[in-house]
There are 2 protein chains.
Amino acid sequence: MNPKGALLVGQAGGPTSVINASLVGVVREAASSGYTQIIGMRHGVSGLLTGELVDLGAQPPDVLTRLHRTPSSALGATRHRPTDDELGIAVRILRQLDVRSLIYIGGNDSAETLRRIGAAASAEGYGIRCVHVPKTIDNDLVLTDHTPGYGSAGRHVAILTRDAGRDTEAMRHTDPVKLLEVPGRNAGWLAASSALAREAEGDAPHLIIPPETLVSAEDFLARIERALAKHGCAVVVVAETARGRDGSPIGSDDPTMGSADAFGHRRLSGAASYLSALVASRLKVRARWEKPGTLIRTSGISLSDVDLAEAEEVGRAGVRAADSGMTDVMVTLVREPGAVYRCTTGYAQLAGIANRERRMPAEYFADDGYDVSRAFVDYITPLVGGPLPSYGRLLPIRLRR
Amino acid sequence: MNPKGALLVGQAGGPTSVINASLVGVVREAASSGYTQIIGMRHGVSGLLTGELVDLGAQPPDVLTRLHRTPSSALGATRHRPTDDELGIAVRILRQLDVRSLIYIGGNDSAETLRRIGAAASAEGYGIRCVHVPKTIDNDLVLTDHTPGYGSAGRHVAILTRDAGRDTEAMRHTDPVKLLEVPGRNAGWLAASSALAREAEGDAPHLIIPPETLVSAEDFLARIERALAKHGCAVVVVAETARGRDGSPIGSDDPTMGSADAFGHRRLSGAASYLSALVASRLKVRARWEKPGTLIRTSGISLSDVDLAEAEEVGRAGVRAADSGMTDVMVTLVREPGAVYRCTTGYAQLAGIANRERRMPAEYFADDGYDVSRAFVDYITPLVGGPLPSYGRLLPIRLRR
């Protein structure tokens, strides 16, 4: 038997637009590493437990080429947290398959699952290298400069915000306020990425509401009024997890957010829906809200070429880590200092990553918390890849009389 | 004074991704037609009344080139319906400006406004040629094969549905049902365009709910259950104007739709939100819904090249119509018979267009009303332009044992 054994890989957690590039990176790197088999599990650890496995080493090259730019998780994903009994079963199956390298592509929860599998294998004396390959659009993993998936999702948010800005500007006589609700869990990274929508002074977004900023109704409404006075319209990008002054989610029963009688169902609405109703009832202007939701994370038309390349590279680096005998590590992205963007891969201990989350640091926000800083723009700009679609404007040339 | 006088152009109604291409077509065609001035009104007829006018003839060529692919209405739009008094004022201003050709780029309501301006001018003995240039993502104007704006919006819906399909497939263990709410007023053209998302048997959408199909809760739930049994997930594209058996909007207080107690605010939710709650409470499976809303209509990353070219061409044809002395007409798109797509422009009387709307004909639906027919796919395919992003799949190769 080949002493290297088999390599097993899975995808877990919410999909991203580039998570398949990481999978392809794993398969391509492993192909030249001498593994007996390269195995994929369907729906992460669930597929391992149910025996839903696929031979990845036998996939023709053109399948991998097409998969590289295909959004969402081709193997299927899972949010299942295995029980201790299931961990025991998983280790038995790993042993049967002679899996010696286990690569798990996922976020925070998946890192914890991988750590537990590694611990269970170790407890049973089965030697296996466990390597976590990061992905999340939320960019909230610690110990890495950023996370594959974030660049493309951030690009998507920026483009949609630019489009919403042009739309709202044109329709300002009818619907002068627009709220765009975006994902991001407990961190504002995705809401903040909307700042890249701006091409000129006065462009949308006019207000960014990350979950890190605690919002009061009066403060919010005053800012909307100022934007309306200045621009004739107001485009707001609000995190779905935006919070009121007492820290509870906006749209829930938060007394600091005031009442939204015109709408009537404050307990159950989302943040954008709630804030729209607040604008309509208090400022007496029409407000629209959109919720692209999961469409942000899985998109074939907003791929960042930088994100795509890095996603493949972290997959490859995961295999190299296992090959070199590392275990219980996550691949990280390490940005080199300097004005020119350069990023390499590194490794961090899994134990330091699981169950932790990275909020946006204070220096990435504007002082009032409703916008981003120059430092954040410098941070994110290279991650979203090539230039966004750039839009024209009529010159304000007066008539000859 | 030049007998040809000035040309005035405006944009009205909801923006589209290609409405600026029509504006550019008007300006480019008019530039070589000998008009004394080419004038744009900001926010449609509102800008005419308030004197917010811009010299379009003096715009540098590169401004027009950039504008051509810039979504939303660069002049600004309006939904204002002028009063009879305002019509009188408008005619006076047209006379002052010596406007002899008036081009209005818009939908149904704008066609009616243009017709009324023409009638008011005629009543006061002022000779002006009024030409309507069509736009609407809803594709619901009569007497034209299709409407500029629809191809790009349909392309966007199809891409988002394809993306949502891949996302839901990957996450079927967690969130097996997804509902995508799309615009379209009283016609199913946009919901129907989601059918182009399919690359293979079993691909999303698994259910299309246009407003033309009256839905009962039991029928809907039975179809979701069948899709779940067959595909492990269900992706539904539902028109925001979807209707229950009694014809009232889904999400309103329609007794035929049953109760959605788990959610609690049936009177005020939208169609997708309501149906998600229904799935969750009745089938006990998790359902997510997304509402891209106006993001569908204004997008720089889903332009159909065919739509873009036709949008410019209808603008040019509008000027040619006025130049040839036609008035009270709308430019139409005329599809030539045959397997190869060819489309030219024609003209129809404004009086036959205003205040009418074109639903999807019965032969464009599948027999049960929850999908489209082959004839519809043949109809729409050329309109969305080049191929959509095409996605790969792993081959289901079993392990060697």
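In the text below, chain A, chain B and the rest are named by the order of the sequence lines, each starting its count at 1.
Side chains of B/E169 and A/S72: no donor on one and acceptor on the other come within 3.5 Å. B/T70 and A/R166 share no donor-acceptor pair across their side chains, judged by distance under 3.5 Å alone.
Using a 4.5 Å cut-off on side-chain heavy atoms (C-beta onward), B/R66 and A/R393 make no contact. Taking 4.5 Å as the limit, some side-chain heavy atom of B/L97 sits within range of a side-chain heavy atom of A/L399. Contact annotation: the side chain of A/H173 never approaches that of B/R79 to less than 4.5 Å [non-hydrogen atoms, C-beta and beyond]. The closest side-chain heavy-atom distance from B/P15 to A/M171 is below 4.5 Å. Under the 4.5 Å side-chain criterion, counting only non-hydrogen atoms from C-beta, B/V54 is not in contact with A/P396.
In this structure a side-chain-to-backbone donor-acceptor pair under 3.5 Å is missing from B/K291 to A/G293. Remark: side-chain polar atoms of B/K178 are not paired, donor with acceptor, to backbone N or O of A/T294 under 3.5 angstrom. Between the B/Q59 side chain and the A/L395 main chain, a donor and an acceptor come within less than 3.5 Å of each other. Put simply, the side chain of B/Y391 never gets that close to the backbone of A/R69: no donor and acceptor are under 3.5 Å apart.
Across A/L160, A/L67, A/I301, A/N20, the residue that shares the most heavy-atom pairs under 4.5 angstrom with chain B is A/I301. The candidate with the highest count of non-hydrogen atom pairs below 4.5 Å against chain A, out of B/T168, B/L295, B/L394, is B/L394. When B/T78, B/V63, B/D175 are compared by the number of non-hydrogen pairs under 4.5 Å with chain A, B/V63 comes out ahead. Annotation: maximal heavy-atom pairing with chain A below 4.5 Å, among B/S73, B/A170, B/S390, occurs at B/A170. No other option in B/A74, B/G76, B/P71 has as many heavy-atom pairs under 4.5 Å with chain A as B/P71.
Neither the backbone nor the side chain of B/R162 has a heavy atom closer than 4.5 Å to any heavy atom of chain A. Using a 4.5 Å cut-off between heavy atoms, B/T174 touches chain A through its side chain atoms alone. Heavy atoms closer than 4.5 Å to chain A are found in the side chain of B/P389, but not in its backbone. With a 4.5 angstrom heavy-atom cutoff, B/L56 touches chain A only via side-chain atoms. Proximity to chain B (any heavy atom under 4.5 Å) is restricted, for A/S46, to the side chain, taken from C-beta onward. Heavy-atom distances place the side chain of A/L180, and not its backbone, under 4.5 Å from chain B. With a threshold of 4.5 angstrom between heavy atoms, B/T65 does not approach chain A through any atom at all. Of the two parts of B/I159, only the side chain, counted from C-beta on, holds a non-hydrogen atom closer than 4.5 Å to a non-hydrogen atom of chain A.
The distance from atom CG of B/D167 to atom CD1 of A/I296, rounded to the nearest 0.5 Å, is 11.5 Å. To the nearest 0.5 Å, the span separating CG on B/D163 from OG on A/S302 amounts to 8.0 Å.
Under a 4.0 Å N-O distance rule, the pair B/R398/A/D55 does not qualify as a salt bridge.
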